[in-house]
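To keep things clear, I will list the structure first and then write my remarks on it.
Along the sequence shown, residues carry numbers from 1. Predicted model only: the values in this text are computed from it and were never measured.
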Amino acid sequence: MKKYTDSGIEIKELYTEPADTNELPGEFPYTRGIQPDMYRGKLWTMRQYAGFSTAEESNKRYHYLLSQGVSGLSVAFDLPTQIGYDSDNAIAEGEVGKTGVAIDSLEDMETLFAGINLEEVSTSMTINATGFILLAFYVALAKKQQADLNKISGTIQNDILKEYAARGTYIYPPKPSMRIITDIFEWCAKEVPKWNTISISGYHIREAGSTAVQEIAFTLSNGKAYVKAALEKGLDINVFGKRLSFFFNAHNNLFEEIAKFRAARRIWATIMKELGATDPKAMMLRFHTQTGGATLTAQQPLNNISRVTIQTLAAVLGGTQSLHTNGYDEAFSLPTEQAAAIALRTQQIVAFESGAPDTVDPLAGSYFIEALTTEVETETIKLIEKIDSLGGSVSAIEQEFMQDEIAKSAFEYQRQIEAGEKIIVGINKFQATEHTAPPSFKIDDSIRQVQADKLQKLKANRDNEKVKTALQKIHAAAVSNINLMPLVVDAVECYCTLGEISDELRNVFGEYQ
């Protein structure tokens with residue numbers, strides 16, 4: 001279909017110099033995008049990250065978002081779920097349902113997606129240490145819906161290395177954690193082939209204070225570590241490589257962010273080729289983007305709408321495959337329904353009114369963008385080579401190299417703000433004397449008792465002999481290095497809880513300190 005400007009000028013699908021035959025979109029090294037037609041063929045998936053309180057409450061928000069035009073769901077889980085504790089565990093007190101939805105069992109997952117056909121929606125789950133259990137819940141639910149598992153699509157974040165480096169929601173030590181991840185790679189390739197088995201995340205690295213270069217250097221290094229672990233297990237890079245995806249941050253420096261995304265594609269394609277990939281799809285860096293949570297300010301919060309708009313443009317002009325836009329009120333609380341709607345409308349305005357998606361890689365050929373892409377690439381490769389010299393990502397994390405580099409960058413960024421060298425509107429310049437807080441969305445602590453009551457009833461009504469047997473099989477498989485995923489799916493279908501499965505593996509693997 002032809003596209004035109006408001007003045008009636010036809011917009012070509014692709015602009016390029018006649019002599020330029022090496023840098024075409026859809027061709028190695030994918031600097032200009034992974035598809036020849038990019039958004040002319042299909043827009044990015046518009047997601048809204050949501051999850052809070054109970055599965056019942058989150059389900060209502062999902063139905064609202066779907067009615068407003070989201071094309072994919074993105075699930076946030078509370079901290080106890082992320083680190084493998086049921087809601088009735090003493091450690092969970094004060095945290096149930098706060099940073100996301102509490103999911104203790106298959107019963108909660110059934111409620112979370114009630115009325116939603118899993119064959120028709122792509123679901124991203126931001127979960128790492130317990131990602132394999134949440135995936136098992138999702139697959140078990142799909143089976144109950146009699147869905148075709150070959151059609152189920154979505155992503156589990158499943159990136160444990162960045163938890164050690166930047167975020168902290170790990171359970172097991174690095175070696176068994178990597179083993180679980182490669183078990184997922186192997187199992188999904190056979191059972192849920194359209195599922196993205198990992199979303200290698202730079203988002204939290206950036207949120208912890210890294211620079212744009214550090215974000216992609218550390219993320220791509222972590223990606224190399226996962227690929228090497230899978231190769232050591234004997235998996236085919238041309239199979240599992242197609243199901244790897246990435247998760248990046250979009251900040252306010254428009255041109256650096258665009259250059260970052262372009263450079264990341266180029267570097268990853270080269271890395272995968274050097275590691276033995278021959279299938280073009282295994283060399284393509286596919287990524288989801290979320291606008292920068294750390295850039296949002298509690299002061300003059302409506303300014304955050306402008307920040308999110310700039311970040312949305314950066315992601316789109318940089319060629320993202322999927323995008324979540326933050327609510328303007330997230331410096332205060334979970335996003336209200338109004339803020340979530342404005343965030344989604346921001347994507348829709350960029351998609352349907354701005355003209356940004358009308359041609360592929362519209363900034364290609366800009367002296368500035370091309371030079372900046374190359375400079376970001378050069379600096380990133382230097383940092384990756386440094387990590388390689390330390391023995392790779394796992395070793396670099398164990399030596400706290402990544403953690404130290406992020407801390408230095410975070411300190412320098414804050415110093416610049418406090419010295420007035422970097423302007424943050426409403427923070428260190430253009431302050432307002434009056435402060436109007438937006439409506440906040442808070443979660444009541446009574447949610448924990450609601451979840452505890454559900455767990456008590458669940459345990460009273462399930463077949464506890466089957467539960468005991470299922471957990472014993474998981475223990476034996478963990479000890480003998482048998483793939484855990486089939487047994488975890490069996491266990492959740494018996495209504496074993498997330499905490500019970502996590503604890504069974506704690507008994508084998510221990511906890512990372």
Side-chain angles (χ1 to χ4, degrees), residues 165-168 202-219 248-264 289-318 325-333 335 339 342-343 346 363 366-369 371-380 382-383 400-438 440:
R167 191 163 176 264
Y203 185 85
H204 304 95
I205 290 170
R206 191 68 176 278
E207 291 289 285
S210 80
T211 65
V213 165
Q214 288 170 336
E215 177 190 353
I216 59 170
F218 296 163
T219 305
F248 291 122
N249 208 309
H251 270 223
N252 290 330
N253 191 317
L254 179 68
F255 297 111
E256 183 177 46
E257 294 300 293
I258 294 166
K260 176 187 79 177
F261 297 132
R262 298 173 91 245
T289 308
Q290 182 173 339
T291 57
T295 69
L296 303 179
T297 65
Q299 296 87 341
Q300 302 176 38
L302 291 176
N303 292 345
N304 293 329
I305 298 173
S306 299
R307 293 185 176 103
V308 169
T309 303
I310 292 168
Q311 294 161 11
T312 300
L313 280 168
V316 171
L317 294 172
T325 33
N326 289 329
Y328 72 87
D329 55 0
E330 289 188 49
F332 290 91
S333 66
I342 291 171
T346 300
L363 294 181
S366 156
Y367 296 133
F368 182 37
I369 284 292
L372 192 55
T373 299
T374 299
E375 288 170 14
V376 169
E377 178 189 25
T378 300
E379 293 304 310
T380 299
K382 285 180 187 176
L383 202 43
E400 300 195 347
F401 171 75
M402 291 188 190
Q403 298 93 313
D404 288 347
E405 290 297 302
I406 293 168
K408 289 174 189 175
S409 294
F411 177 84
E412 176 59 19
Y413 183 81
Q414 188 60 34
R415 186 201 65 75
Q416 289 175 0
I417 292 171
E418 292 179 7
E421 297 169 12
K422 186 169 188 63
I423 302 301
I424 307 295
V425 173
I427 299 293
N428 60 358
K429 200 165 186 178
F430 313 114
Q431 297 98 328
T433 54
E434 294 182 9
H435 299 280
T436 304
S440 61

Shortest non-hydrogen contact from Val308 to Asn326? CG2-O, 3.7 Å

Output the distance between atom CD1 (Ile406) and atom CD1 (Ile205), rounded to the nearest 0.5 Å. 5.5 Å

Stepwise side-chain hydrogen bond (donor to acceptor under 3.5 Å, both in side chains) check, Gln311 with Thr295: CA-CA 10 Å; Gln311 294 161 11; Thr295 69; 2.9 Å; yes

Any idea which heavy atoms bring Ala208 and Ala410 closest together, and the distance? O-CB, 3.7 Å

Has the side chain of Glu379 got a donor or acceptor atom that lies under 3.5 Å from a matching backbone atom of Val376? no

For the side chain of Asn304 and the backbone of Leu296, is there at least one donor-acceptor N/O pair under 3.5 Å apart? no

Using atom types as modelled and distance alone, determine if a side-chain donor or acceptor of Gln299 lies under 3.5 Å from a backbone N or O of Gln431. no

Determine yes or no for a side-chain-to-main-chain donor-acceptor pair under 3.5 angstrom, with Tyr203 supplying the side chain and Thr291 the backbone. yes

Correct closest heavy-atom pair for Glu207 and Gly293 would be OE2-N, 3.3 Å

Can you see which heavy atom on Ala343 is nearest to which on Thr325, and at what distance? O-OG1, 2.7 Å

Starting at CD1 of Ile342, measure out to CG of Leu302 and round the result to the nearest 0.5 Å. 7.5 Å

What distance separates Leu383 CG from Thr378 OG1, expressed to the nearest 0.5 Å? 12.5 Å

Do NZ/NE/NH1/NH2 and the carboxylate oxygens of Arg415 and Glu421 come within less than 4.0 Å? yes

Can you see whether Gln290 engages Asn249 through a side-chain donor-acceptor pair at a distance of less than 3.5 angstrom? no

Decide whether Arg206 and Thr211 meet the rule of one side-chain donor and one side-chain acceptor closer than 3.5 Å. no

CZ of Arg307 to CD1 of Ile424: how many Å apart, nearest 0.5 Å? 7.0 Å

Do Ser409 and Gln214 have side-chain atoms, one donor and one acceptor, less than 3.5 Å apart? yes

CD (Glu257) and CG (Leu313) are apart, to the nearest 0.5 Å, by 12.5 Å

Keeping the roles fixed (side chain from Asp404, backbone from Phe401), state whether a donor-acceptor pair exists under 3.5 Å. no

Search all heavy atoms of Phe332 against all heavy atoms of Ala298 and return the closest pair with its distance. CZ-O, 3.2 Å

Side chain to side chain donor-acceptor pair (under 3.5 Å) with Gln416: which of Glu418, Glu412, Gln414? Glu412

Can we call the ring centroids of Phe255 and Phe368 under 6.0 Å apart? yes

Backbone N/O of Phe430 and side chain of Gln300: donor-acceptor pair under 3.5 Å: yes

Correct closest heavy-atom pair for Ala339 and Asp329 would be CB-OD1, 3.3 Å

For the CG atom of Leu317 and the CD1 atom of Ile258, what is their distance to the nearest 0.5 Å? 4.5 Å

